[in-house]
Amino acid sequence: MTAKKIDGRAMAKEVREEVKVSVAKRIAAGKPKPGLATVLVGSDPASEVYVGMKKRMCENLGMNSFAHTLEADASQEEVEALVSKLNADPAVNGILVQLPLPDHLDEEKILQAVDITKDIDGFHPINIGRLAQKGRESLFVPCTPNGCLVMLDKSGVDLEGANAVVLGRSNIVGMPMALLLVKRNATVTICHSRTKNLPEICAEADILIAAVGRAEMVKKEWVKPGAVVIDVGTHRIDDDTKEKGYYLTGDVAFDEVSEVADAVSPSPGGVGPMTIAMLMRNTLRAAEIQQD
């Protein structure tokens, strides 16, 4: 068996095109452009790259982008004051606080300070709380797990009654991913570093979401024949034999897992592009909530 590749780049392009068309219609109707504000504290190179990508994506889709950078030693009060200023700015529809924040800052308090109608990351406790409640809907869903869900849907995967295993329990991916799958009537197991018989549990999954943060941890023996595997991880591995001196890989050993899975997303080229596409979709939704 050779697994089908779940092409996140192609799916993300479809989502972006839908957003671009909707933004153009809004502008043609005389409505203001959706606006995304990013808050970056410090000069982490990876975070700077992510913020730059989001800025370019906004421009490509016809949206406004407002980048705000504070020094790495910025105080809690300074960061919260900036968030409050952005909350009050009608040109800003979505606020993205780039994580992780420096250790001296209270991340939870800063995320709580974001207006719930501008919480395009979906990390506000109220949005997460609604996601966890039956019969309630969040204004926004965290972008990475929501992107995984869209990838499953676009791949024609039936979630109803499926046995789904989420490998990882982070607030950003693992926990909201599990909640989304439960809402879609899957039977969900959450695994983590202290889970006993981890490979055996993963091998029972019809759908396996790998968000554990360890390079190529998921091997062929961990995967049920015919399962669908979504790889959330991205890792840079030093390798002098490569032209760049490194290569990128995910939480899944892609080549060997492809021998047994029905479908698997690559990394890079899978969840990453979808995450940014879903952020753009959430920014558009924020504008519709606030301005319509």
Side-chain angles (χ1 to χ4, degrees), residues 1-8 11 122 128 131-135 141-235 237 248-272 274-275 278:
M1 177 187 295
T2 301
K4 297 186 291 289
K5 184 175 78 169
I6 301 175
D7 190 344
M11 294 176 181
I128 290 293
L131 189 63
Q133 292 179 311
K134 187 176 181 180
V141 175
C143 298
T144 296
N146 203 21
C148 293
L149 196 66
V150 171
M151 292 170 74
L152 291 169
D153 286 339
K154 285 181 174 290
S155 299
V157 178
D158 185 7
L159 301 177
E160 187 90 14
N163 182 16
V165 171
V166 178
L167 183 53
R169 53 178 173 175
S170 72
N171 290 336
I172 294 174
V173 181
M175 294 305 293
M177 184 77 250
L179 294 171
L180 283 172
L181 290 167
V182 168
K183 279 188 177 289
R184 293 290 295 275
N185 296 322
T187 300
V188 181
T189 302
I190 303 173
C191 295
H192 46 80
S193 60
R194 292 181 175 83
T195 299
K196 296 179 180 179
N197 304 317
L198 182 58
E200 291 85 352
I201 293 174
C202 291
E204 295 176 356
D206 302 313
I207 301 163
L208 176 60
I209 311 294
V212 69
R214 296 185 187 177
E216 300 186 357
M217 180 177 179
V218 177
K219 307 296 185 184
K220 178 169 67 175
E221 296 77 17
W222 293 42
V223 177
K224 176 182 178 180
V228 176
V229 181
I230 301 292
D231 187 353
V232 180
T234 302
H235 308 276
I237 308 298
L248 298 177
T249 189
D251 288 354
V252 175
F254 181 83
D255 290 343
E256 63 176 84
V257 166
S258 295
E259 297 175 8
V260 295
D262 178 66
V264 58
S265 71
S267 181
V271 174
M274 282 299 297
T275 296
M278 301 313 292

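Values reported hereafter were calculated over all heavy atoms of this structure, with side chains retained and with hydrogens, waters and symmetry mates removed.
When all heavy atoms of Ala205 and Ala227 are compared, the pair lying nearest together is O-CB, 3.4 Å. Residues Gly161 and Thr187 approach most closely at O-OG1, 4.5 Å, considering heavy atoms. Across Gly122 and Pro142, no two heavy atoms sit closer than the pair O-CG, 3.5 Å. Between Lys219 and Glu256, the closest heavy-atom pair is CB-OE2, 3.4 Å. Leu181 and Ala164 make their closest contact through CD1-CB, 3.9 Å (heavy atoms, listed as atom of the first residue, atom of the second, distance). Here the closest non-hydrogen pair linking Ala261 and Ala3 is O-CB, 3.2 Å.
Qualifying side-chain contact (heavy atoms from CB on, under 4.5 Å) partners for Asp158, counting only residues two or more places apart in sequence or in other chains: Glu160. Scored by the salt bridge (charged side-chain N to carboxylate O under 4.0 Å, His left out) test, Lys4 finds Asp262 as partners (sequence neighbours excluded). Partners of Arg169 according to the salt bridge (charged side-chain N to carboxylate O under 4.0 Å, His left out) rule, which considers only residues two or more places apart in sequence or in another chain, do not exist here. Under the side-chain contact (heavy atoms from CB on, under 4.5 Å) criterion, Ala203 pairs with no residue at all, not counting sequence neighbours.
Annotation: the span from Leu248 atom CG to Ser267 atom OG amounts to 7.5 Å, rounded to 0.5 Å. The distance from the CG atom of Leu131 to the CE atom of Met177 is 9.5 Å, given to the nearest 0.5 Å. One distance of note links CD of Glu204 with OG1 of Thr189; it measures 8.0 Å at 0.5 Å rounding. The distance from atom NZ of Lys154 to atom CG of Asp7, rounded to the nearest 0.5 Å, is 11.5 Å.
Side-chain atoms of Trp222 and Met217, non-hydrogen and from C-beta on, do get closer than 4.5 Å to each other. Between Lys5 and Val264 the shortest side-chain heavy-atom distance does not fall below 4.5 Å. Two residues are said to be in side-chain contact when any heavy atoms from C-beta on lie closer than 4.5 Å; Lys196 and Ile201 fail this criterion. Taking 4.5 Å as the limit, some side-chain heavy atom of Val141 sits within range of a side-chain heavy atom of Leu180. Between Leu159 and Ile207, some side-chain heavy-atom pair lies under the 4.5 Å cut-off.
Few gaps surround NZ on Lys183; more than 12 heavy atoms of other groups in view lie less than 6.0 Å from it. Annotation: Asn185, atom CG; neighbour count of heavy atoms from other residues, nucleotides and ligands within 6.0 Å is above 12.
Side-chain atoms of Glu216 do not come within 3.5 Å of backbone N or O of Asp251 as any donor-acceptor pair. Not one N or O on the side chain of Ser265 forms a donor-acceptor pair closer than 3.5 Å with the backbone of Ile6.
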Intermediate values then yes/no, side-chain contact (heavy atoms from CB on, under 4.5 Å), Val165 and Ile209: CA-CA 6 Å; Val165 171; Ile209 311 294; over 6 Å; no
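Partner of Cys191 under the side-chain contact (heavy atoms from CB on, under 4.5 Å) criterion, chosen from Leu198, Val166, Leu208, Asn197: Leu198.
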Taking only distance into account, with no hydrogens and no angle test, what donor-acceptor pairs under 3.5 Å do side-chain atoms of residues 145-152 form with protein atoms, sequence neighbours excluded?
none

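Ionic pairing of Arg184 and Asp153 is present here: one or more N-O contacts between side-chain nitrogen and carboxylate oxygen are shorter than 4.0 angstrom.
Contacts classified as salt bridge (Lys or Arg N to Asp or Glu O under 4.0 Å) and involving residues 221-231 (residues at least two apart or in different chains) are given here: Asp206-Lys224.
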